[in-house]
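Heads up: the structure comes next, in structure tokens.
Source: prediction; values computed, not measured. The basis for the numbers below is simple: all heavy atoms, side chains too, and nothing from hydrogens, waters or symmetry mates. Nothing fancy with the numbering, it's 1 onward along the sequence.
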Amino acid sequence: MYALAQLMGAPGKPVQQVVANALAQNEGYELIFCVMSPSLSRVASTFITSFIWSHDIVSRLSLGGVRDLKAVTSWLLHGEKFGPDHQEHVRNILRRIGKLEFMEWLSPGSTEKEDEDWFLSLRKTLEANMRHTNLFPPGRIFWAMRDNSFHPSLQRPDDPSLHTASNPDDSAAGDRLRVFEVENPEDVFNQVIFSMDMLSAHFVQNYEKYLRNYL
């Protein structure tokens with residue numbers, strides 16, 4: 001994997017060339033990184049504007065987040081360091097995940113509240129130990145999402161104020177965009193969201209498409 005990353009992303013290689021060409025064609029735009037604390041981000045809002053598309057992982061992944069993920073992964077994969085009780089706890093997690101997947105396949109929506117509460121408690125325990133300092137996108141932040149990415153109860157299919165992006169590859173009406181101005185990035189971008197588009201949302205063509213339609 002490392003060799004493949006070098007082959008594609010090293011200086012002069014395809015990924016680096018695509019990004020460089022996109023930046024050259026769009027003067028005044030730069031790549032978004034998590035580089036500021038919330039307070040510094042607000043100070044920079046008068047001269048920096050960030051646009052984030054969907055669940056783009058880069059907008060949520062700072063060094064602190066990477067260290068937190070490393071700590072959680074180590075906790076799950078190297079249970080022998082924590083004794084036999086911990087190993088049994090990890091096996092219990094895997095058993096419950098298998099049970100939930102099977103029950104959902106067998107009867108969608110049949111998840112038991114006891115299991116939901118157990119996983120919620122586990123998540124809170126993990127989050128309590130994720131204490132590394134996170135950084136966030138800089139300046140004034142606009143976050144765009146497709147309307148159909150939300151739960152059906154929160155969608156607004158009849159709202160004429162929503163922006164509609166062109167969708168030449170689909171015969172449908174196109175992507176209806178909801179754009180939010182984020183006032184508290186520490187509440188919105190404080191964790192990686194493991195979604196289907198967490199990687200593809202970062203593609204240059206997506207930003208070009210939705211920025212042009214929005215602007």
Side-chain angles (χ1 to χ4, degrees), residues 1-36 41 44-45 47-66 69 134-152 154-183 185-215:
M1 290 299 294
Y2 177 76
L4 179 61
Q6 288 288 324
L7 182 64
M8 297 184 63
K13 299 301 181 180
V15 173
Q16 194 269 346
Q17 290 179 344
V18 168
V19 173
N21 290 339
L23 292 175
Q25 295 173 14
N26 296 274
E27 186 177 353
Y29 292 93
E30 295 289 344
L31 297 178
I32 297 175
F33 297 102
C34 299
V35 295
M36 292 187 178
S41 179
S45 63
F47 57 91
I48 296 177
T49 299
S50 295
F51 181 87
I52 297 168
W53 168 242
S54 192
H55 299 114
D56 183 353
I57 188 174
V58 176
S59 66
R60 300 171 177 274
L61 199 61
S62 68
L63 179 59
V66 172
L69 289 174
N134 285 316
L135 298 177
F136 303 93
R140 190 180 182 189
I141 303 170
F142 291 93
W143 179 33
M145 293 280 291
R146 294 186 183 93
D147 185 54
N148 60 11
S149 296
F150 293 89
H151 187 275
L154 300 176
Q155 293 179 17
R156 294 156 50 184
D158 301 320
D159 189 341
S161 67
L162 296 187
H163 300 273
T164 301
S166 60
N167 193 4
D169 298 326
D170 196 331
S171 58
D175 295 329
R176 293 171 58 77
L177 306 184
R178 295 175 68 173
V179 182
F180 305 88
E181 183 171 359
V182 179
E183 297 181 351
E186 65 272 29
D187 295 331
V188 178
F189 301 108
N190 59 343
Q191 290 186 0
V192 173
I193 295 179
F194 291 89
S195 66
M196 294 292 290
D197 67 340
M198 61 186 291
L199 298 179
S200 62
H202 190 65
F203 290 171
V204 174
Q205 61 266 33
N206 283 329
Y207 273 90
E208 182 177 17
K209 170 185 175 180
Y210 291 111
L211 266 174
R212 291 187 183 280
N213 279 279
Y214 176 63
L215 297 176

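Rounding to the nearest 0.5 Å places OG of S45 at 10.5 Å from CD of E183. We find the OG-CD1 distance between S41 and I48 to be 8.0 Å, quoted to the nearest 0.5 Å. A distance of 9.5 Å separates CH2 in W53 from OH in Y207, rounded to the nearest 0.5 Å.
Remark: F136 engages no residue in a ring-ring contact (aromatic ring centres under 6.0 Å, His included) (not counting sequence neighbours). Under the side chain to side chain contact (heavy atoms under 4.5 Å, CB included) criterion, V66 pairs with L61, sequence neighbours left out. With sequence neighbours excluded, the residues that form a salt bridge (charged side-chain N to carboxylate O under 4.0 Å, His left out) with E186 are R42. Taking the side chain to side chain contact (heavy atoms under 4.5 Å, CB included) definition, one finds that F47 meets it with A44, sequence neighbours left out. Every residue meeting the side-chain hydrogen bond (donor to acceptor under 3.5 Å, both in side chains) condition with S195, not counting sequence neighbours, appears here in chain and number order: H55, D197. The side-chain hydrogen bond (donor to acceptor under 3.5 Å, both in side chains) search around R146 returns D175, Y210, not counting sequence neighbours.
Looking only at side-chain heavy atoms (C-beta outward), L199 and I57 come within less than 4.5 Å of each other. Side-chain contact between F189 and D56 is absent, with no heavy atoms from C-beta onward closer than 4.5 Å.
The nearest pair of heavy atoms linking M36 to P138 is SD-CB, 3.4 Å. Across every non-hydrogen atom of L154 and D147, the tightest pair is O-OD1, 4.4 Å. Nearest heavy-atom pair, Q155 versus F150, reported as atom, atom and distance to 0.1 Å: NE2-O, 2.9 Å. Of all heavy-atom pairs between W143 and S54, the closest is NE1-O, 2.8 Å. Listed here is the closest heavy atom pair of C34 and S62: CB-CB, 3.7 Å. Of all non-hydrogen atoms in N134 and G65, the two that sit nearest each other are OD1-N, 2.9 Å.
Within a 6.0 Å sphere centred on CD of Q191, heavy atoms belonging to other residues, nucleotides or ligands number more than 12.
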